[in-house]
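What follows is a single structure, written as structure tokens, with notes after it.
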Protein chains: 2
Amino acid sequence: MTASPEPQPLTGPVEDYLKAIYDLELVGSPASTNDIADRLAISPASVSGMVRRLADQGLVSHEPYRGVRLTGDGRRAALRTLRRHRILECYLTEVLDYPWDRVHAEAERLEHAASEELVERMAAALGDPVQDPHGAPIPTRDGRVEESALRTLAEAAPGEQVRVRRVHDKEPARLRYLAELGIRPGCHLRILDKAPFDGPITVWVEDAVGGATRAVGVGLAAQVYVESEGQA
Amino acid sequence: MTASPEPQPLTGPVEDYLKAIYDLELVGSPASTNDIADRLAISPASVSGMVRRLADQGLVSHEPYRGVRLTGDGRRAALRTLRRHRILECYLTEVLDYPWDRVHAEAERLEHAASEELVERMAAALGDPVQDPHGAPIPTRDGRVEESALRTLAEAAPGEQVRVRRVHDKEPARLRYLAELGIRPGCHLRILDKAPFDGPITVWVEDAVGGATRAVGVGLAAQVYVESEGQA
DNA sequence: AATCAATTCTAGGGTGACCTAAATCCCATC
DNA sequence: GATGGGATTTAGGTCACCCTAGAATTGATT
Ligand SMILES: [Mn+2]
Ligand SMILES: [Mn+2]
Ligand SMILES: [Mn+2]
Ligand SMILES: [Mn+2]
């Protein structure tokens, strides 16, 4: 066993690539150049270039034309950044009352500048939170996460009762709308109806003031991850 | 009057240059290439190059071989960064109990990543602080500061009573030692003795537990800014 | 007025991270 | 088993920011 060498500091772009690849790899298959490019809003050619550099640094393994996988080092680095990102989101939301829809963008920049020490102080101040404001799990200090495979609200059947576990956090407008509907991680829903031809899903939102009926389009519903709690 | 255009986002290095130039200009004369290089720990040749770019962006005016001055835009940008830096220092120290000697390094990175909104939330949480943990004045939102010209402890005469206003914040070791001595902004000192040939200055530290006598070398004393409070 | 040391600038290089345009590869379909 | 469209890589730039070496400028001193 070699003593783990101090992880050399990575650049901001590199950290963002690793996070993107980690995320894309979650579904099982290696991350494709195009998918990485889309996620980071840069050209595929740029991704090819960066992937070479990441491979040189031993952070990913690349089989040309076949996609990219994180190495052990790459995965650890990705999880470190993810931990920072999500703790920052928690801290901003809970302590500074930062608006729900904008914490992601702020954390996206701070994650590259905040030291381990700062982030751990924030975590301690919050009592070591286990998930971020959007329901994403926070990796532990030693790099463990349980990524539960969740269904989306779009896949739930009428009559089901579900608990919202997680929502996508990248689009402020979407988040603001979900907040308006009263749909946030932890809230309870009953699926009342599902219109045919990808029509809207009608849900009963338990936690809205006095409860409320809401119609949600499939596009939006596909961004809301839920866990079944039983049939009505 | 033209409407003030939204200040375009500056890069981290540019913000650091502007802060350095602002600081160096405080003594009155334009900032020299060498002084900027020393302050930022980069080569003079690199400074020449960057100064050209800053001048192109209208942030400084450069008279070759004669030094650099901030323009109005440059000064405003410098003060914005300085405000961020100092509010961050306050927040880290007061809310997160971040160690006194390390806040500077942390703020040096965060100042380029934290949004205006975040910094203003921190300022509000602190009740709009007017100086940072090292005694430096915090520019207001609209870019006003009073930079009081202070004497250093090294210049104080025996018998004088002084209040410490500000200490240099760049060297952690120095800061830790000052903290040990009980010397921090706001504390009261009486100069008991000043040994000849740049010998140590003996002071009575009022605020140490029960008061204490301390000997301070001139080197260190020159980094401690004080305000006279009367003769004994 | 000539000289010299320090300062500053210029020339020429390198790296990281992006781009567009033009190959090249893959594989699903014919 | 050929072929074409989509995905990917390569080729060739750009820009910001840093470097070392060497040339030019300054102004202080003979
Ligand atoms: Mn990021
Ligand atoms: Mn999130
Ligand atoms: Mn800085
Ligand atoms: Mn400070």
Side-chain angles (χ1 to χ4, degrees), chain A residues 7-21 24-25 27-69 73-74 77-78 81 108-109 111-113, chain B residues 7-21 24-25 27 29-70 73-74 77-78 81 108-109 111-113:
Chain A
Q8 80 284 32
L10 305 173
T11 64
V14 165
E15 291 182 328
D16 285 337
Y17 270 86
L18 295 178
K19 280 198 309 172
I21 295 166
L24 292 167
E25 257 194 292
V27 298
S29 39
S32 81
T33 300
N34 258 9
D35 287 352
I36 300 170
D38 283 354
R39 167 100 32 154
L40 299 175
I42 60 190
S43 76
S46 300
V47 172
S48 280
M50 177 63 106
V51 160
R52 169 182 304 284
R53 258 170 281 140
L54 294 177
D56 289 348
Q57 292 178 68
L59 295 166
V60 303
S61 64
H62 180 216
E63 202 171 337
Y65 294 100
R66 285 285 143 74
V68 178
R69 280 186 186 285
D73 278 1
T81 308
E108 198 58 58
R109 283 174 287 107
E111 65 190 353
H112 313 296
Chain B
Q8 80 285 34
L10 304 172
T11 64
V14 164
E15 291 182 329
D16 285 337
Y17 269 86
L18 295 177
K19 282 197 310 172
I21 295 166
L24 292 167
E25 260 195 290
V27 299
S29 38
S32 81
T33 299
N34 259 5
D35 287 351
I36 299 170
D38 283 354
R39 165 100 33 156
L40 299 175
I42 60 188
S43 75
S46 299
V47 173
S48 282
M50 178 63 105
V51 160
R52 169 181 305 282
R53 258 170 282 139
L54 295 176
D56 288 348
Q57 290 178 68
L59 296 166
V60 304
S61 64
H62 180 216
E63 201 171 337
Y65 294 100
R66 285 283 140 75
V68 178
R69 281 187 184 286
L70 294 178
D73 278 1
T81 308
E108 197 58 57
R109 282 174 287 108
E111 65 190 350
H112 313 297

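- Taking atom CG of B/L40 as the reference point, atom C1' of D/dC18 lies 12 Å away to the nearest angstrom.
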Chi angles and distances behind the side chain to side chain contact (heavy atoms under 4.5 Å, CB included) call for B/V51, B/T33:
CA-CA 9 Å; B/V51 160; B/T33 299; 5.7 Å; no
Can you list the steps and then say if A/V60 with A/L18 is a side chain to side chain contact (heavy atoms under 4.5 Å, CB included)?
CA-CA 8 Å; A/V60 303; A/L18 295 178; 4.2 Å; yes
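- Taking only side-chain nitrogens and oxygens, B/N34 never comes nearer than 4.0 Å to OP1 or OP2 of C/dA6.
- Residue-level contact check: A/P44 touches the bases, meaning some heavy atom is under 4.0 Å from a base atom.
- Both A/Q57 and A/P64 lie near DNA chain C, and the one whose nearest nucleotide falls closer to the 5' end is A/Q57.
- The side chain of B/T11 places an N or O atom within less than 4.0 Å of a non-bridging phosphate oxygen (OP1 or OP2) of D/dC17.
- Judged by distance alone, with hydrogens and angles left aside, the side-chain atoms of B/R69 form no donor-acceptor pair with the main-chain N or O of B/S61 at under 3.5 Å.
- Look at NE2 on B/H112: it is 15 Å from C1' on D/dA16, rounded to the nearest Å.
- What separates CD1 of A/I42 from P of C/dC18 is a distance of 5 Å, to the nearest Å.
- In this structure the side chain of B/Y17 never reaches within 4.5 angstrom of the side chain of B/L10, judged on heavy atoms.
- Phosphate contact (OP1/OP2 of D/dT8, side-chain N/O of A/S48, threshold under 4.0 Å): absent.
- Atom pair A/I36:CD1 and C/dC18:P shows a separation of 12 Å (rounding to whole Å applied).
- The phosphate of D/dT10 has neither OP1 nor OP2 within less than 4.0 Å of any side-chain N or O from A/Y65.
- Of the side-chain N and O atoms in B/H62, none sit less than 4.0 angstrom from OP1 or OP2 of C/dT8.
- Residue A/S43 has a polar side-chain atom (N or O) positioned under 4.0 Å from OP1 or OP2 of C/dC19.
- At a threshold of 4.5 Å between non-hydrogen side-chain atoms, the residues B/I21 and B/L54 count as touching.
- The distance between atom CG of A/D38 and atom C1' of D/dT8, rounded to the nearest whole Å, is 13 Å.
- Across the protein-nucleic acid pair, B/R52 atom CZ and D/dA16 atom P stand 13 Å apart, rounded to whole Å.
- Distance CG (A/D35) to P (D/dT8): 7 Å, rounded to an integer number of Å.
- Using a 4.0 Å heavy-atom distance criterion, B/S46 is classed as a base contact.
- If you check D/dT8, C/dC9, C/dC26 against the side chain of A/S32, the one that comes closest is D/dT8.
- The shortest distance between the side-chain N/O atoms of A/R53 and the OP1/OP2 oxygens of C/dA17 is below 4.0 Å.
- Distance CG (A/L10) to C1' (C/dT15): 16 Å, rounded to an integer number of Å.
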